[in-house]
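To start, the structure itself, in structure tokens.
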Amino acid sequence: MPELPEVETSRRGISPHLIGKKVEQVILRHTQLRWKIPQDLFKHLHNAPLISIDRRAKYLLLNFSSGTLLIHLGMSGSLRICPLNTPHQKHDHVDLIFENTVLRFTDPRRFGAVLWLGLNPESSPLLNKLGPEPLCEDFNGRYLHQAAQKRKLPVKQFIMDQKVVTGVGNIYATEALFTTGINPNRAAGCISQKRYQLLADTIKEILQQAIQQGGTTLKDFVGSDGKPGYFQQTLHIYGKAGQNCPQCQTPLKAVKLAARNSVYCPKCQR
DNA sequence: AAATTCTCCTGAAGGC
DNA sequence: TGCCTTCAGGAGAATT
């Protein structure tokens, strides 16, 4: 599934093909995604060059001179650059047809979103309550420790809360807690600033590594030969419940936290 | 305010 | 082989 590094890789992959160009046509094949895609999308995009593409959390923000288009990949979404007139396949819900190239949005499970935010996107309800980006410097141990004061929920849920820090999904939360040796069940408010410092550093490191890896797959975002392969990063324990801990050989346990599967080592993670 | 549960959807996996 | 059931999961919305 697209995690933050995949979204960032998508951003870097599509940007050079689209910046400075205008949308000449919009094709909406299926508009019922997480939210309904506005039918009058083309009205906003018409004759307005794409100035830049930003990423906030796992949202892609396509900044046109007329306003900002938000794209969210959800669980199964992907973006691809195709030549004009590339035949569409099942789940290819949206085409933004630029001057000589097509940005195609594909999403089998339709948890994604395509929304028009207009000018002043920062004030949109989707963006204005988000916490800091995990890769910026105001995300650190001091911040986490402060934000966790008196919070009793499990730390895994805490770091997956978009108001606390953005873009840390199930995979990275699971892996970062393992690397840091923190039990995902531990109450957020009962963790020292020192351990939070380690956790914040670990999250940054894992995300940055994945983004670097993603660079090698950029070519996959161009072309019509299937969807881009999300890169397989090395996962230590995610999805490996029942197998032995790579550190101490103790069988890894699984718990459900907020309806999300969580794997941890009962010995290494306290 | 904080915590928990619900919701959208499809494809993959498991059972018989 | 095939049909049915179950489940995963991002994250906002609804509920407690």
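Keep in mind that the numbers below use all heavy atoms, side chains included, and drop hydrogens, waters and symmetry copies. Everything numeric here is computed off the predicted structure, so don't read it as measured data. By convention in this document, chain letters (A, B, ...) are assigned in the order of the sequence lines, proteins followed by strands, and residues within each chain are numbered from 1.
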*If only atom types and distance count, is the side chain of A/Gln243 paired as donor or acceptor with the main-chain N or O of A/Leu252 below 3.5 Å?*
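A pair under 3.5 Å: no.
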[atom1] of [X] versus [atom2] of [N]: gap in Å, rounded?
X        : N      : atom1 : atom2 : answer
A/Lys163 : B/dA3  : NZ    : C1'   : 10 Å
A/Leu115 : B/dC8  : CG    : P     : 18 Å
A/Leu153 : B/dA2  : CG    : C1'   : 8 Å
A/Leu33  : B/dT10 : CG    : P     : 11 Å
A/His30  : B/dC9  : NE2   : P     : 8 Å
A/His93  : B/dC9  : NE2   : P     : 11 Å
A/Lys36  : B/dC9  : NZ    : C1'   : 15 Å
A/Lys90  : B/dT10 : NZ    : C1'   : 8 Å

*Bend across the helix from B/dA2-C/dT16 to B/dC16-C/dG2, to 10°, with axes taken over 5 pairs at each end?*
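It comes to 50° between the two terminal axes.
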Counting only heavy atoms not in [X] (residues, nucleotides, ligands), do more than 12 fall under 6.0 Å from its [atom1]?
X        : atom1 : answer
A/Glu137 : CD    : no
A/Lys267 : NZ    : no
A/His30  : NE2   : yes
A/Asp138 : CG    : yes
A/Arg142 : CZ    : no

*When you check the gap from the basic side-chain N to the acidic O, do A/Glu133 and A/Arg56 get nearer than 4.0 Å?*
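Yes, A/Glu133 and A/Arg56 are salt-bridged.
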*Before accepting this row, confirm whether a basic side-chain N of the pair A/Glu99/A/Lys21 lies closer than 4.0 Å to the acidic partner's carboxylate O.*
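A/Lys21 and A/Glu99: not salt-bridged.
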*Using the six-membered ring wherever Trp is involved, compare the ring planes of A/His44 and A/Trp116 and label them parallel, tilted or perpendicular (cut-offs 30° and 60°).*
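Correct class here is parallel.
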*Go along nucleotides 9-16 of chain C 5' to 3' and tag each nucleotide: B for a protein heavy atom under 4.0 Å from its base, S when only backbone or sugar atoms are that close, - otherwise.*
BBBB----
